[in-house]
Amino acid sequence: MGKKPLMIRNASQLVTLKGASVAPLTKEGMEKLQIIENGSVWLEDGIIQSVGRDEELAERYKDRMHEADIIDATGKLVTPGLVDPHTHLVHAGTRENEFNMRLQGATYMEIMNNGGGIHATTSATRAASKETLFEESKKRLDQFLLHGVTTVEAKSGYGLSLEVELKQLEVAKELHEAHPVDIVSTFMGAHAVPAEYKENPDQFVDIVINEMLPEVAKRNLAEFNDVFCERGVFTPEQSKRILEAGKKYGLIPKIHADEIEPYEGAELAGEIGAISAEHLLKASDKGIQALADNGVIAVLLPGTAFFLMAESANGRKMIDSGVPVALSTDCNPGSSPTVSMPLVMNLGCLKMGMTPAEVLAAATINAAHAINRGKEIGSIEEGKKADITIFDVPNYMVLQYKFGVNHVHSVIKNGEFVVEQGRVVYRNAPVHN
Ligand code: NIG
Ligand code: FE
């Protein structure tokens, strides 16, 4: 790269989350953030080169300090760039009308069954040009950056036809190349049964398996395969067929499970060896045990529960049962139109009984594992990507305690500033290594 090195100096807390690159953190492990006081980091060639107390790094780099850009992080909290492992980033339009209907008593599933919900966004996404989808999603990515997020997972699932699913995935790929935020793609053709197949959902399942999955895999457009396993959407049997079929193409299973009703989705995640099960508001005790026994990461979405006015998943119980827990926004136009991982962390504490340390582990290293990136991102360790967020708070507890405020001061992606003093500063040129 040949760019100037960057040295962050003297953070009041440098939260490294060191030592969990191979497997996600569980139980007490989630409480051990590995904090360095007066911490400093040397970044070069897009990589974290050295991490330690300021005096150590000052000594180690004394002959090269003049070459580097120096950032004084006195009084600030420095963490790994936040990772959002579950979003529906690429979509068109908004659904504030449904929000208003829900405030007057309509339920999420009623709205969907009457042709709204996912179907409404599917119509808007089918009608949108690639350019529109790109521009709308890019704005969201800038907002993610402003909230300290440097990597997001993005699902398709608002096409529900081969052509439009491919369109969404291609836009995600173009955004990955054009925008500093890294995007990891998931195919979710089984997000809803499209109106055309309402009377014959198995026929749609066959299309997902026989037409969509092979083409997505052939074009290398996704790493994961996800299904909305929910009563009235896809049954556990249909979900299993789709996820097992994806495995044959090397697509790793994920599952939207037990969101609205208990439906043995968590049990299925354990049975098929999914990397993660998501939502889990209504997961059974048996299901929670299945996640723990099989090392399935629970991706919890308290912003969705909040926005749907539902009781959150029992994050506390899951952690105490040994389930590795990650957090995510679920960013989508229906059940969680937010880009704020800091808000999601606040809700993790206030609505799911998680501690400030646990929510930070869940939004960084465990979130990275949920998208199979534990070795590259999610902690501040030598050799990892230089993705770092600086918050204008003195410690990680204040980040949770002063809720409802965006405390992000700066964001560094691949060793370069992309947010400075709360403003996006990256140039339009691609910045990926
Ligand atoms: O994760 N539950 C299914 N899918 C999304 C919502 C999608 C939508 O309403 O547009 C979710 O909540
Ligand atoms: Fe979702």
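Counting starts at 1 for both ligands and their atoms, in listed order.
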message: Within ligand 1, which atoms have a heavy atom of Ser335 less than 4.0 Å away?
response: 6 (C), 9 (O), 11 (C), 12 (O)

message: With a 4.0 Å cut-off on N to O distance, would you call Lys240 and Glu237 a salt bridge?
response: no

message: Using heavy-atom distances only, which candidate in Tyr108, Phe307, Phe228, Tyr158 approaches atom 6 (C) of ligand 1 most closely?
response: Tyr108

field: Close-contact set for ligand 1 against Gly334 heavy atoms, below 4.0 Å
entry: 9 (O)

- request: Any chance you could measure Lys27, atom NZ, to Lys32, atom NZ, to the nearest 0.5 Å?
  value: 12.0 Å

field: Identity of the N, O or S atom of His86 lying closest to the Fe ion (ligand 2)
entry: NE2

message: One thing to verify: whether Glu215 and Lys218 come together as a salt bridge, which I'm taking to mean a side-chain N less than 4.0 angstrom from a carboxylate O.
response: yes

- prompt: Is Arg241 close enough and on-axis enough to Phe234, meaning under 6.0 Å and within 45°, for cation-pi?
  reply: no

- request: For atom 11 (C) of ligand 1, grab the closest protein heavy atom and report residue, atom and distance to one decimal in Å.
  value: Asp330 OD2, 3.1 Å

field: Element-labelled atoms of ligand 1 that are located less than 4.0 Å from some non-hydrogen atom of His86
entry: 1 (O)

field: Pair Tyr396 + Phe391: ring centers closer than 6.0 Å
entry: no

message: For His279 and His86, take the angle between the two ring planes, folded into 0 to 90°, and tell me which bin it lands in: parallel under 30, tilted 30 to 60, perpendicular over 60.
response: perpendicular

message: Checking contacts here: is it the side chain or the backbone of His88 that comes within 4.0 Å of ligand 1, counting heavy atoms only? Could be both or neither.
response: side chain

Sub-3.5 Å N/O-N/O distance, His256 and ligand 1: yes

- prompt: What's the OD1-the Fe ion (ligand 2)-NE2 angle here (Asp330, His256), rounded to 10 degrees?
  reply: 160°

statement: Near Ile118 (heavy-atom distance under 4.0 Å), the atoms of ligand 1 are 7 (C), 8 (C), 9 (O), 10 (O)

query: Glu153 side chain to Thr87 main-chain N or O, any donor-acceptor pair under 3.5 Å?
result: yes

message: Has Glu382 got a side-chain atom pairing as donor or acceptor with Val51's backbone, closer than 3.5 angstrom?
response: yes

task: State whether a side-chain donor-acceptor pair under 3.5 Å links His407 with Asp392.
output: no

Heavy-atom nearest neighbour in the protein, as seen from atom 1 (O) of ligand 1, with distance rounded to 0.1 Å: His279 NE2, 2.8 Å

- prompt: If you count the atoms of ligand 1 from 1 in the order shown, which ones are under 4.0 Å from a heavy atom of His191?
  reply: 3 (C), 4 (N), 5 (C), 7 (C)

Contact flag Glu278/the Fe ion (ligand 2), N/O/S atoms, threshold under 2.8 Å: no

message: With heavy-atom distances below 4.0 Å as the criterion, list the atoms of ligand 1 near Glu259.
response: 2 (N), 3 (C), 12 (O)

task: Measure the distances from the heavy atoms of Arg95 to every atom of ligand 1 and state whether one is below 4.0 angstrom.
output: yes

- prompt: Between Lys385 and Asp182, is there a salt bridge with N-O shorter than 4.0 Å?
  reply: yes

